[in-house]
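Counting begins at 1 with the first residue of the sequence. Everything numeric here is computed off the predicted structure, so don't read it as measured data.
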Amino acid sequence: MAIYRAQKNKPQKPRSPVLILTASILVISILYLLSSFNSTNGSSSNTQKRLKQFVTFNAKNTVYDKYLYWGNRIDCPGKHCGSCEGLGHQESSLRCALEEALFLNRTFVMPSRMCINPIHNKKGILHQANNESLDDGWAASSCAMDSLYDLKLISKIVPVILDNSEMWSQILSTSLKMGSKGVAHVAGVTRSDLKERSQYSNIFLINRTASPLSWFMECKDRNNRSAIMLPYSFLPSMASKKLQDAADKIKLDLGDYDAIHVRRGDKIKTRKDRHGVDRSLHPHLDRDTRAEFILCRISKWVPAGRTLFIASNERTPGFFSPLSARFKIAYASNYSNIIDPLIENNYQLFMLERLILMGAKKFIRTFKEDENDLSLTDDPKKNTKVWQIPVYTKDGEEC
C-alpha cells in the first residue's frame, strides 16, 4: 500500500480558474436539477423514489425510456376478447409483443393478469394417476402474471413493467403532460415504421392497436426463421422462481429420465359430416396417443426399464397404465407434496411440467415441431382445415 507523507514548507499551488469555474457550473447544474424534480414531485424523497424506479431492469443496467403498450389482455384486442384462449395461444401473442418491444428498444407494459379458460383449468388433470374424482375445482378466471413468469429474468432481455404498477401510473401521467410527443395510438403500422419514422420513434408511449384477429398475427413473419428474435423456448424458460424451484426438486428425484407430452383432449375432437360420419382434423392422433400405440412407437427410442415422465391433458384415470409394463412411470401427481401447496391453476401446472419435460434426456412430443423432434404422431400440428375420417387400426408397422 502506498503511503503519502505531507510535504513541509512547500507552498500550495494556486488552483486553476478553469477548474474552479467548471466545478461551480457543475454544482449549480445539480442544484437546479434537484429543484426541478422537487417542484414536479413535491419532495426530495419522491425524487429519489422516481430515480430508483428507473435504475436497473436488464443486464445493461438501464431501462428503456420509451414504452410500448398493447392493452390489458394478452390476446385482446382480437377475436377472443369475449372468451379466453389456452396458455400456448396467449404465449404466442405475448412473445410477439415482447419481440416488438425488443425491436423498438422500448420497455414493454405487460398486462398484470392472464385470463384462464375453465376448459383448461380442471383440477382432475393433476391427479390423473389415481382414482380421485374429477372435479371442476380451481374456478379462477385469471391469475397474476408474476405467478407464472419471472419478470426480472424477462427484463434482462426485454425490460417489462406491469400495468398495475405505480410506475405505469407515472408514465401515463407523464405522457399526458407531453402533448403530441406523449402518446401515439397506432393501428396497421409495421414495427419497422414504428422504429424508423420519426413521428413514431420519438413518441414517449406507443399504444399499439393490434390485429383484429389476435396479437400474434402481427408476427406472421415468424415462418421466416431469420426474423425470429425470441425463440419458442424463451417464455418456457422464464417461469417464475417458485415454479423453477419446484421443477428442480422433482427433476432431482427423477434422476436420469425420459419424458413424453401426450396432447389429447381438444385435439382429438370429431364432428359429423352431412352423412353422419365422424371426421377429425388429426385423423391418427386418437390412435397414436393411446397407451398400446405409444408403447410401440417409443420402444425404439426409450430402452425398457427407463423412468418415463408423462405430461398429458388426458382425464381418464389409469389411461397410461399399460406403459408401466416396460417403463417406470411418473406423473406430476406423484409429487403432490411439492405441487399441491404451490399450484393454483392448470396454467401453473403446465408450466411446471414443461420445465420437467425440458430436463429429460429424451423428450418425445405429441407433434413434430422441428425436423429433429421425436413425436408420437406424424399428423401435422398445424390446422389443415381438412376434416378426415379417424383411423384406429395399425398401419402394419411392427414395434
Side-chain angles (χ1 to χ4, degrees), residues 54 57-58 63-85 87-115 142 145-146 148-149 151 154-155 157-224 227-232 234-235 238:
F54 282 86
F57 260 87
N58 59 12
V63 58
Y64 299 136
D65 57 358
K66 296 178 183 177
Y67 300 86
L68 177 68
Y69 180 63
W70 281 66
N72 62 358
R73 285 274 300 273
I74 288 294
D75 201 25
C76 188
K79 63 181 179 180
H80 300 291
C81 283
S83 61
C84 182
E85 282 296 285
L87 177 65
H89 192 283
Q90 294 191 67
E91 281 192 336
S92 292
S93 286
L94 179 56
R95 193 166 57 249
C96 173
L98 288 169
E99 275 194 4
E100 182 164 287
L102 182 63
F103 181 80
L104 298 177
N105 291 339
R106 288 177 173 266
T107 295
F108 178 65
V109 183
M110 183 179 288
S112 57
R113 301 190 70 82
M114 178 184 284
C115 70
S142 68
M145 193 67 71
D146 56 8
L148 299 175
Y149 303 103
L151 301 187
I154 290 177
S155 291
I157 309 298
V158 187
V160 298
I161 62 170
L162 292 176
D163 68 357
N164 65 348
S165 63
E166 182 181 345
M167 187 175 180
W168 174 232
S169 298
Q170 291 180 357
I171 290 165
L172 287 178
S173 176
T174 302
S175 66
L176 291 174
K177 296 175 183 177
M178 294 178 68
S180 60
K181 291 199 174 190
V183 58
H185 304 275
V186 299
V189 181
T190 67
R191 66 183 185 183
S192 295
D193 283 343
L194 290 177
K195 185 173 185 177
E196 295 168 6
R197 295 170 63 178
S198 59
Q199 67 190 91
Y200 301 118
S201 61
N202 294 329
I203 294 292
F204 178 65
L205 171 63
I206 290 178
N207 180 24
R208 158 69 88 175
T209 302
S211 162
L213 293 175
S214 56
W215 281 17
F216 68 83
M217 294 301 292
E218 302 288 336
C219 296
K220 286 188 293 185
D221 63 350
R222 184 173 297 280
N223 291 327
N224 176 7
I228 297 175
M229 300 178 70
L230 297 175
Y232 171 81
F234 176 71
L235 285 173
M238 295 290 136

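- Here the straight-line distance linking atom CE of Met238 with atom OG of Ser155 works out to 10.0 Å at 0.5 Å rounding.
- Residues Phe234 and Met229 have side chains not in contact (no heavy-atom distance under 4.5 Å, counting atoms from C-beta outward).
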Handout entry: From CA spacing to verdict: side chain to side chain contact (heavy atoms under 4.5 Å, CB included), Trp70, Cys96
Key = CA-CA 11 Å; Trp70 281 66; Cys96 173; 4.2 Å; yes
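- Contacts of Phe204 classified as ring pair (Phe, Tyr, Trp, His ring centres under 6.0 Å), with partners at least two apart in sequence or in another chain: Tyr67.
- With hydrogens and angles ignored, the 3.5 Å screen pairs a side-chain donor or acceptor of Glu99 with a backbone N or O of Leu230.
- Contact check for Leu94 versus Met110: side-chain heavy atoms found under the 4.5 Å cut-off.
- Separation of atoms OG1 (Thr107) and CD1 (Ile161) is listed at 7.0 Å; rounding is to 0.5 Å.
- Asp65 CG to Thr174 OG1: the interatomic distance, rounded to the nearest 0.5 Å, is 11.5 Å.
- Without hydrogens or angle criteria, Arg113 side chain to Ser142 main chain gives a donor-acceptor distance under 3.5 Å.
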Problem - Derivation and outcome, side chain to side chain contact (heavy atoms under 4.5 Å, CB included), residues Ile157 and Leu98 - result: CA-CA 9 Å; Ile157 309 298; Leu98 288 169; over 6 Å; no
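- Judged by distance alone, the side chain of Ser173 and the main-chain N or O of Ser169 form no donor-acceptor pair under 3.5 Å.
- Judged purely by atom type and a 3.5 angstrom limit, Arg106 has no side-chain atom pairing as donor or acceptor with the backbone of Tyr69.
- Contact detail for Thr190 and Arg208: the closest heavy-atom pair is C-NH2, 4.4 Å.
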Practice task
Let me see the working for Ile203 and Leu194 under side chain to side chain contact (heavy atoms under 4.5 Å, CB included), right down to the final yes or no.
Solution key: CA-CA 10 Å; Ile203 294 292; Leu194 290 177; over 6 Å; no
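- When all heavy atoms are compared, the tightest approach of Ile74 to Ser93 is O-CB, 3.5 Å.
- Met178 contributes atom CE, which lies 11.0 Å from atom CG of Leu176 (distance to the nearest 0.5 angstrom).
- When each of Ile206, Asn72, Asp163 is tested with Val109 by the rule side-chain contact (heavy atoms from CB on, under 4.5 Å), just one qualifies, namely Asp163.
- Contact between Leu68 and Leu205 at its shortest, heavy atoms only, is N-CD1, 4.4 Å.
- In this structure a side-chain-to-backbone donor-acceptor pair under 3.5 Å is present from Gln90 to Cys115.
- Looking at Trp168 and Asn164, their side chains never come closer than 4.5 Å, going by heavy atoms from C-beta outward.
- One distance of note links NZ of Lys181 with CG of Asn202; it measures 6.0 Å at 0.5 Å rounding.
- Between the CZ atom in Arg95 and the OH atom in Tyr232 there is a gap of 7.0 Å [rounded to 0.5 Å].
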